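Written below as structure tokens is the structure these notes are about.
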4 protein chains.
Amino acid sequence: MLVIMKLNASSGSIDRVQDEIVKLGYTPKPIFGEARTVVGVLGLKPLRGKQHLESLPEVADVLEISTPYKLASREWHPKETIVNVGGTSIGGDMVSIIAGPCSIESYEQLKTVGEAVKADGGHFLRGGAFKPRTSPYAFQGMGVEGLKILKQVGEEVGLPTVTEVTDTENLDITAQHTDMLQIGTRNMQNFTLIKAAARTQKPIFLKRGMSATVKETILAAEYILNEGNENLVLCERGIRTYVDHTRNTLDVSAIPAFQRLTHLPVVVDPSHAAGKRSKVLPLSLAGIAAGAQGVMVEVHPNPEVALSDGPQQLVPADFKELVDRIRLVAEAVGKTVN
Amino acid sequence: MLVIMKLNASSGSIDRVQDEIVKLGYTPKPIFGEARTVVGVLGLKPLRGKQHLESLPEVADVLEISTPYKLASREWHPKETIVNVGGTSIGGDMVSIIAGPCSIESYEQLKTVGEAVKADGGHFLRGGAFKPRTSPYAFQGMGVEGLKILKQVGEEVGLPTVTEVTDTENLDITAQHTDMLQIGTRNMQNFTLIKAAARTQKPIFLKRGMSATVKETILAAEYILNEGNENLVLCERGIRTYVDHTRNTLDVSAIPAFQRLTHLPVVVDPSHAAGKRSKVLPLSLAGIAAGAQGVMVEVHPNPEVALSDGPQQLVPADFKELVDRIRLVAEAVGKTVN
Amino acid sequence: MLVIMKLNASSGSIDRVQDEIVKLGYTPKPIFGEARTVVGVLGLKPLRGKQHLESLPEVADVLEISTPYKLASREWHPKETIVNVGGTSIGGDMVSIIAGPCSIESYEQLKTVGEAVKADGGHFLRGGAFKPRTSPYAFQGMGVEGLKILKQVGEEVGLPTVTEVTDTENLDITAQHTDMLQIGTRNMQNFTLIKAAARTQKPIFLKRGMSATVKETILAAEYILNEGNENLVLCERGIRTYVDHTRNTLDVSAIPAFQRLTHLPVVVDPSHAAGKRSKVLPLSLAGIAAGAQGVMVEVHPNPEVALSDGPQQLVPADFKELVDRIRLVAEAVGKTVN
Amino acid sequence: MLVIMKLNASSGSIDRVQDEIVKLGYTPKPIFGEARTVVGVLGLKPLRGKQHLESLPEVADVLEISTPYKLASREWHPKETIVNVGGTSIGGDMVSIIAGPCSIESYEQLKTVGEAVKADGGHFLRGGAFKPRTSPYAFQGMGVEGLKILKQVGEEVGLPTVTEVTDTENLDITAQHTDMLQIGTRNMQNFTLIKAAARTQKPIFLKRGMSATVKETILAAEYILNEGNENLVLCERGIRTYVDHTRNTLDVSAIPAFQRLTHLPVVVDPSHAAGKRSKVLPLSLAGIAAGAQGVMVEVHPNPEVALSDGPQQLVPADFKELVDRIRLVAEAVGKTVN
């Protein structure tokens with residue numbers, strides 16, 4: 001940390017700042033400029049006391065120069081993490097494809113999609129059983145029955161599964177029925193939930209909050225790593241901006257940012273940002289071109305009657321084309337779709 | 001709803017849209033323009049099928065013209081709600097003052113603040129026992145011990161209490177120790193939690209999500225009202241914008257918007273938007289001038305050593321000045337601080 | 001400035017940074033931490049070379065700790081500026097009211113409004129002659145004929161006038177017909193225009209850009225002050241956010257921010273943020289409660305037929321009520337409406 | 001347009017709305033729902049009167065269902081535009097590469113870059129002579145001398161040129177020295193300038209405003225097309241969001257949006273969104289993968305001493321790699337780099 005004093009701060013105030021830094025267990029190192037003094041705060045302990053220092057007299061600002069996370073940081077852990085989910089890997093130079101319906105609606109629906117995903121080259125089957133919905137009048141998911149269908153279809157078609165866990169009450173039952181637990185955008189900072197999910201030791205698929213910064217997302221990842229669970233995938237899924245031509249704005253620049261700052265695999269989810277089927281393809285390809293190590297897309301056998309997110313779900317034929325085109329772009333950027 | 005067809009859509013497509021509207025249980029009413037047809041969707045049932053209609057051939061757009069909420073709507077419930085919390089009211093022409101520390105840190109700390117809040121004209125005592133924190137290394141709250149202190153101090157100083165509930169696991173114990181349950185900004189769309197909190201029948205203090213729209217906030221309120229709990233207060237606490245001179249941007253225009261669209265009391269929380277003590281006063285007064293029926297502020301006997309949010313907490317002397325000035329502005333806009 | 005080196009940067013890189021700081025004419029002062037080195041950049045010259053230092057090997061970041069503006073800065077110029085416009089002052093403890101139609105449409109229209117503004121306690125008459133419009137098919141203003149009407153009506157009713165200048169071509173003629181030149185939100189960073197406007201030595205009314213930061217706004221002000229024109233008023237008029245219930249989000253927190261960082265008067269313009277007449281009153285009062293030294297509002301004798309911005313313009317009777325209520329709130333915060 | 005009446009609006013109000021629609025020259029078509037009436041506004045004239053209708057009694061809302069632009073609209077002009085700039089085309093299935101320094105600093109600098117751009121496969125040479133800068137103390141460009149260098153180097157290396165025009169005063173001289181006029185992000189709604197630039201009949205390179213919506217950008221294009229100039233290229237260059245890990249957020253979804261809504265070529269400019277050299281490559285590739293028909297990047301022989309935007313400029317060796325990789329991704333999405 002660096003404590004920036006106000007212009008012409010008194011020597012008394014500067015002394016006070018140094019005393020407080022010592023009390024916090026750090027070493028102060030002042031730089032006396034011609035008009036302004038800056039006091040460096042030296043020490044390797046996790047950062048504490050920023051707010052205290054900010055509140056001292058004649059302090060103009062306190063800047064953090066270290067990252068507030070360690071376990072997620074590539075500076076501290078240069079080796080890239082490859083996540084293993086039920087025998088299938090995500091990360092490195094591979095591009096993984098995670099696909100399935102927004103909501104699980106029936107065995108037949110999921111089986112149809114699951115077979116298409118498997119046949120067309122997908123690696124993971126997704127499907128929502130507990131659905132967080134903006135309106136209380138919208139379809140809220142099949143619940144445990146949906147989980148059972150997911151487990152059964154995953155085994156039948158031979159794909160590891162991913163599903164969202166929405167609260168601690170349904171965590172155990174969800175963990176028993178899936179290979180990877182998804183934390184949704186609305187729950188990225190539901191710290192009780194993410195810690196409990198991490199403790200199941202299931203692989204975690206962590207979606208960026210829809211107005212989270214890159215740093216806040218990495219701190220949420222830090223919560224998970226701090227529970228001893230290192231099977232963690234980050235997902236960029238679009239952020240809230242003033243823009244009105246899409247539901248959310250896919251922040252492709254977050255992909256190289258996460259990869260530079262952390263050692264974790266990064267997947268792109270274009271469906272929620274696109275809002276419409278026709279944009280899922282260009283946004284998927286953009287994500288891969290920007291370096292994403294996977295794509296999560298929504299596929300439904302008949303989106304016109306889907307109980308949620310119909311307009312953004314692909315039909316199986318679209319999905320096949322998507323995989324083919326992802327393969328071409330992945331190769332163009334030196335990656336492989338297995 | 002209105003279904004907007006594409007320019008020069010075929011009569012087959014227009015017929016198809018009308019058939020589907022009938023299947024959904026509504027009545028279609030087309031308007032044939034010179035270049036474009038619009039089909040009205042008539043019926044009083046809760047809206048369903050928007051996504052389905054959007055996915056039909058040659059449909060350009062589907063517009064909702066009714067609000068997606070009913071129980072929260074002032075159009076349907078013109079009478080203003082006054083919320084009763086432990087014998088003290090919020091709403092109408094009163095301005096309520098809710099104050100206390102960000103985190104409960106000890107009996108002595110809360111007692112000091114509670115006495116000051118009571119003496120200086122505050123109406124409710126707040127204090128956090130379970131703290132959702134961005135970093136896993138930050139102070140996470142005293143937990144149940146903090147709840148006990150809150151209950152005791154509330155009774156001793158004679159103020160009803162408010163505290164945040166962060167998950168369903170600590171909901172019951174929290175409900176037993178406080179007069180009003182706060183749903184924090186990160187949990188506004190934690191639907192499992194808000195429904196469970198509503199079912200306790202305790203009054204609910206619902207903070208707007210930090211990137212929630214007014215409509216999404218009202219839909220979260222609808223979840224609570226839909227559980228039969230009408231003791232509900234909305235709180236504007238600042239939103240995430242590109243702005244970097246404050247932590248969040250207090251959206252004062254949301255106050256009259258909530259009051260026009262719903263029948264619920266609206267309180268302003270300037271502390272998190274301000275980020276710094278010096279801005280708490282102007283933002284509080286701005287909120288009251290815009291019509292807020294209450295202010296929630298953070299007060300700490302010694303913010304310099306606070307375990308969370310030190311820089312934005314007021315000392316008791318600041319609080320007294322704040323109440324005095326709120327009183328003046330409240331009177332200027334025709335309201336009363338009791 | 002402070003140059004933050006990467007973790008365990010080599011001594012060669014640190015030396016290189018110091019050499020480059022010397023070449024830029026500053027004095028380097030390194031602080032060697034246990035894992036990371038920071039090099040302070042000392043000297044009182046205007047800041048230069050930030051980008052150069054950022055591009056050096058093993059530099060993690062370069063932080064500015066001084067403000068990039070001097071003439072606008074309250075740190076350097078503590079005395080508050082009172083701006084004089086045609087004999088009428090803006091600033092200090094006064095609240096000034098600037099009112100008039102969005103667009104000047106005829107002599108009769110402006111005369112009616114001007115008389116109402118004068119009679120009801122307004123201090124300045126505004127009206128647009130050159131209108132920047134999003135669509136090429138919208139009314140673009142009366143041009144020079146409008147300017148003549150403004151000048152005539154201003155003199156007849158005895159109010160100094162304000163009008164927007166939209167380009168350097170109409171600058172001279174505009175300056176000849178008005179007492180204060182308004183720079184609109186779209187032109188805040190039209191540097192050619194703001195410098196030329198400043199050089200007329202007319203008082204300048206500078207609106208914050210609709211996505212400008214506080215710092216960028218102050219830098220635009222710095223351009224004007226740098227031309228030797230100190231008759232400058234800042235205006236907060238709402239910013240672009242994800243919010244969809246108003247046209248723009250009035251950032252009331254910018255008012256105390258501008259007042260703390262600069263010595264310039266700050267006026268609030270609620271009309272564009274509100275978008276609707278019913279929100280103009282609460283947002284005006286919120287701005288005054290937050291400390292604004294004036295309000296600019298749109299008034300039209302018959303908004304239903306206005307050629308621009310009809311829905312947000314007040315009728316004269318609303319305006320009278322607004323002035324009365326502003327007076328009450330201004331007094332509640334220790335200010336005066338003359 | 002559609003006029004949405006309030007719940008249970010009186011028949012008098014509905015009649016009044018219909019009368020006003022007739023007065024505006026359109027035909028009203030009401031749909032009487034059970035609780036709410038909607039009045040369609042029929043007619044093919046450019047839309048007028050929206051604000052007027054909004055201001056009538058018991059009107060809840062007025063919705064536009066036609067696009068407010070015609071000349072730019074693909075609905076009206078399905079054929080894709082190929083822009084010709086000095087004999088070189090932009091648009092269709094080609095990917096064009098526009099490269100050069102942020103600012104022209106000397107003949108030698110531009111010649112070095114120009115030769116590299118030509119040798120490595122670039123199609124256009126860019127360079128700024130008039131620089132709009134946030135701070136008055138930053139380098140403001142070489143002005144006319146820079147234009148002369150640009151013209152000379154363009155001719156010597158055999159590349160058409162692009163440069164930004166910042167005001168009407170330097171428009172003529174700029175138009176005389178370059179093949180395409182760039183309108184920068186800060187000037188997208190400087191309507192005086194864009195109309196005047198359009199009238200030179202030079203090809204126009206229009207950058208999206210940094211907080212402009214897709215619709216506002218297309219309306220700015222409409223201004224240019226409305227002057228009879230159809231040589232127009234749109235450019236996505238990043239928008240302002242709450243995100244702090246990049247300078248701006250590249251909105252890749254705008255690329256397919258512009259292509260669906262208009263018939264104009266779309267180019268991506270990743271440099272300003274990236275802010276840092278290391279992100280220019282992934283964002284360029286993301287833009288191409290999303291369908292962009294060109295890339296504009298900044299190249300400098302020695303970015304460490306650049307007078308503006310050093311950190312985001314590529315060195316010639318980076319540029320060569322960028323072109324090679326763009327070529328691969330372009331082919332993967334069915335496009336060609338000539």
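Please read these numbers as outputs of a predicted model, since none were measured by experiment. Atoms considered below: every heavy atom in the structure, side chains included; atoms not considered: hydrogens, waters and symmetry mates. Numbers restart at 1 for each chain; the letters A, B, ... are given by sequence-line order, proteins then strands.
Interface check for chain C: of the options B:Ala257, B:Pro270, B:Pro256, the most heavy-atom pairs under 4.5 Å are formed by B:Ala257. The greatest number of non-hydrogen atom pairs below 4.5 Å with chain C, out of B:Ser284, B:Ala332, B:Ala274, B:Ser278, is found for B:Ala332.
Each of C:Val252, C:Leu250, C:Leu283 was compared with B:Ser253 under the side-chain contact (heavy atoms from CB on, under 4.5 Å) criterion, and only C:Leu283 meets it. Results of the side-chain contact (heavy atoms from CB on, under 4.5 Å) test with B:Thr241 over C:Asp251, C:Thr249, C:Ile239 single out C:Ile239 as the only residue that passes.
Contacts of B:Arg327 with chain C are absent, with no heavy-atom separation under 4.5 Å from either backbone or side chain. For B:Ala254, the parts sitting under 4.5 Å from any heavy atom of chain C are the backbone and the side chain alike. Only the side chain of B:Thr246 comes within less than 4.5 Å of a heavy atom in chain C; its backbone stays farther off.
C:Val243 has its side chain out of reach of B:Thr213: every pair of non-hydrogen atoms, C-beta onward, lies at least 4.5 Å apart.
Between atom NE2 of residue C:His245 and atom NZ of residue B:Lys215 there is a gap of 13.5 Å, rounded to the nearest 0.5 Å. The CD1 atom of C:Ile255 lies 11.0 Å from the NZ atom of B:Lys279; values are rounded to the nearest 0.5 Å.
Nearest heavy-atom pair, C:Arg208 versus B:Tyr242, reported as atom, atom and distance to 0.1 Å: NH2-OH, 3.6 Å. Nearest heavy-atom pair, B:Val333 versus C:Arg325, reported as atom, atom and distance to 0.1 Å: O-NH2, 4.2 Å.
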